[in-house]
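Here is the structure we will look at, set down as structure tokens.
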Number of protein chains: 2
Amino acid sequence: MTAFTKRQKEIINIAIELIAKNGIQYLTIKNLSQKIGLVESAIYRHFASKQDILLGILSIFKDNKEDIMLAIQTAADSPLQQLKILFNKRFTYFSNNPAVASVIFSEEFFRNDERLSQVVYEIMETNQKIIVQIVTAGQNANEIRVDLPAKQLAFIMTGSLRLIVTQWRLSEFNFDLKEEGQKIWNTIESMVKNNR
Amino acid sequence: MTAFTKRQKEIINIAIELIAKNGIQYLTIKNLSQKIGLVESAIYRHFASKQDILLGILSIFKDNKEDIMLAIQTAADSPLQQLKILFNKRFTYFSNNPAVASVIFSEEFFRNDERLSQVVYEIMETNQKIIVQIVTAGQNANEIRVDLPAKQLAFIMTGSLRLIVTQWRLSEFNFDLKEEGQKIWNTIESMVKNNR
DNA sequence: ATATTGTGAGTGAACATTCACACTCATAGG
DNA sequence: CCTATGAGTGTGAATGTTCACTCACAATAT
């Protein structure tokens with residue numbers, strides 16, 4: 001959406017690195033400026049506030065999400081295939097950008113910040129809607145069990161996705177997220193698949 | 001485990017209240033002492049550090065968890081019944097103690113605190129083990145599908161539980177956790193149940 | 001009279017943010 | 001071609017706030 005200058009992108013990327021390595025609490029203007037090789041106040045030449053930096057991180061995630069959606073829609077596979085791709089791409093993205101996961105899942109941290117928590121909430125919401133939509137399509141195509149509400153199936157999928165990412169973060173990224181995520185998806189798939 | 005004095009219990013309870021109302025970031029010694037009607041330094045007559053207060057909250061949760069486990073084992077129902085009771089009791093507990101959920105799910109917040117994150121991790125771990133155990137029993141009793149690994153089924157259950165609690169917290173507790181949790185459980189149950 | 005609990009003032013650290021000042025450069029006017 | 005202007009960017013010092021925690025002293029209770 002918003003166009004970022006070169007420096008702004010640099011700041012966002014280093015912020016992402018810092019969060020990935022040490023958690024969101026470690027993202028301070030001081031640490032950020034030191035890592036970039038500037039003085040603290042210089043950061044404010046590029047962002048009005050720390051909040052805006054975090055919003056910048058989230059906007060990058062939003063862009064990626066839209067890319068994923070496009071990729072899925074053009075790959076006109078079956079709904080179950082689409083979901084598989086969706087989860088897969090998400091895991092890949094988090095693998096390459098662990099900090100984004102840290103930011104996305106830091107709702108508690110943003111609780112006192114109206115703006116940030118709203119954006120995070122929106123991302124969660126949109127995400128959920130997309131999955132519900134695909135699940136519903138799968139039910140209509142008789143590919144997914146119809147005796148269970150799409151909303152709840154989507155919910156269970158999202159919950160599992162989130163938990164595996166959380167555990168991966170807490171383990172300091174010491175297992176292959178894509179691999180483990182794939183396994184979880186396979187299990188979910190065989191639970192929701194319509195056996196004729 | 002540890003025996004708390006009257007005042008210590010009072011402090012823990014008020015800390016829980018504060019967290020429930022405004023999130024874990026709102027738990028400061030100042031807010032805590034004001035709400036109790038003491039002066040900040042007085043808190044340190046009862047706890048050596050803020051960390052110890054948080055550990056106190058977690059220890060209370062541990063006690064409750066043990067109670068739940070006992071209740072389940074004595075209620076010698078079928079594994080699926082046991083899981084239903086387990087989830088139900090947990091939802092009830094969180095409904096009555098919203099702050100505990102906030103603390104339990106604040107892994108990111110504790111990331112820079114070795115001790116706290118370890119305790120939270122242990123709780124998560126133990127929890128997972130218990131569910132795996134019951135699921136395995138259910139598979140042995142031919143009540144739960146055997147074509148899916150118990151570990152992953154347990155994982156999906158935990159993920160769903162966590163997500164519903166998280167959403168409930170983020171919505172400022174504006175839906176009935178027990179009711180919605182029950183629905184989720186029913187969906188999970190019909191997915192994992194062995195149809196003959 | 002002694003241990004327990006409470007008080008008030010204070011300390012030092014971390015933090016986001018501000019501000020006056022300085023440097024760099026691209027470009028418009030002479 | 002030179003130079004004046006001004007926008008963009010960087011600097012160093014400072015500000016004000018919040019926070020956990022300490023300590024000498026006082027009240028209270030057993």
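Order of the sequence lines sets the chain letters (A, B, ...), proteins ahead of strands, with each chain counted from 1. All values below come from the heavy atoms of this structure, side chains included, with hydrogens, waters and symmetry mates left out.
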#### Entry: Those residues that, when tested against A:S117, pass side chain to side chain donor-acceptor pair (under 3.5 Å) (two or more places apart)
none
Between the protein and nucleotides 20-22 of chain C, which nitrogen or oxygen pairs come in under 3.5 angstrom?
residue: C:dA20; atom: N6; partner: A:R45; partner atom: NH2; Å: 3.4

Could you run down the sub-3.5 Å N/O contacts of the protein with nucleotides 16-18 of chain C?
residue: C:dA16; atom: OP1; partner: A:K50; partner atom: NZ; Å: 2.7
residue: C:dA16; atom: OP2; partner: A:I29; partner atom: N; Å: 2.9
residue: C:dT17; atom: OP2; partner: A:Y44; partner atom: OH; Å: 3.0
residue: C:dT17; atom: OP2; partner: A:K50; partner atom: N; Å: 3.0

### Query
Counting only non-hydrogen atoms, which of residues 107-115 of chain B are less than 4.0 Å from DNA chain D?
none
### Query
For A:D113 and A:R115, what are the C-alpha separation, side-chain angles and deciding distance, and is it a salt bridge (Lys or Arg N to Asp or Glu O under 4.0 Å)?
CA-CA 6 Å; A:D113 186 315; A:R115 186 85 191 285; over 6 Å; no
Please tabulate, for the side chains in residues 74-89 of chain B, all donor-acceptor contacts under 3.5 angstrom to protein atoms that are two or more places apart in sequence or on a different chain.
residue: B:T74; atom: OG1; partner: B:L70; partner atom: O; Å: 3.1
residue: B:T74; atom: OG1; partner: B:A71; partner atom: O; Å: 3.0
residue: B:S78; atom: OG; partner: B:Q81; partner atom: N; Å: 3.2
residue: B:S78; atom: OG; partner: B:E143; partner atom: OE2; Å: 2.9
residue: B:N88; atom: OD1; partner: B:Q182; partner atom: NE2; Å: 2.9

### Query
If we ignore angles and hydrogens, is there a donor and acceptor under 3.5 Å between the side chains of A:Q128 and A:T158?
yes
### Summary
OG (A:S190) and CG (B:D147) are apart, to the nearest 0.5 Å, by 6.0 Å
### Query
Taking A:N97 for the side chain and A:Y93 for the main chain, is one N or O donor matched with an acceptor at less than 3.5 Å?
yes
### Aromatic plane relationship, A:F94 with A:F61 - under 30° parallel, 30 to 60° tilted, over 60° perpendicular
parallel
### Query
Which whole-number value in Å describes the distance from A:F47 CZ to D:dG10 C1'?
16 Å
### Query
Can you check whether A:Y26's main-chain N or O pairs, donor with acceptor, with A:N31's side chain at less than 3.5 Å?
yes
### Query
Are any of A:H46's side-chain N or O atoms less than 4.0 Å away from OP1 or OP2 of D:dG10?
yes
### Task
Specify the separation, in whole Å, of atom CG of A:N31 and atom P of C:dA13.
17 Å
### Sidechain-backbone polar pair: A:D176 side chain, A:K178 backbone, donor-acceptor under 3.5 Å
yes
### Task
Please answer whether the main-chain N or O of B:R145 pairs with a side-chain N or O of B:Q139 as donor and acceptor at a distance below 3.5 Å.
yes
### Sorted by number, the residues of residues 5-20 of chain A with heavy-atom contact under 4.0 Å to DNA chain C
none
### Query
Rounded to whole angstroms, how far apart are CG on A:L32 and P on C:dC15?
12 Å
### Query
Ignoring hydrogens and geometry, is there a side-chain-to-backbone donor-acceptor pair from A:K62 to A:I57 under 3.5 Å?
no
#### Entry: Exercise: do A:E114 and A:Q118 side chains pair donor with acceptor under 3.5 Å
no
### Task
Would you kindly give the CD1-to-P distance between B:I43 and D:dC23, to the nearest whole Å?
18 Å
### Message
Please check this pair: side chain of B:Q25 against backbone of A:F109, looking for a donor-acceptor N/O pair closer than 3.5 Å.
### Response
yes
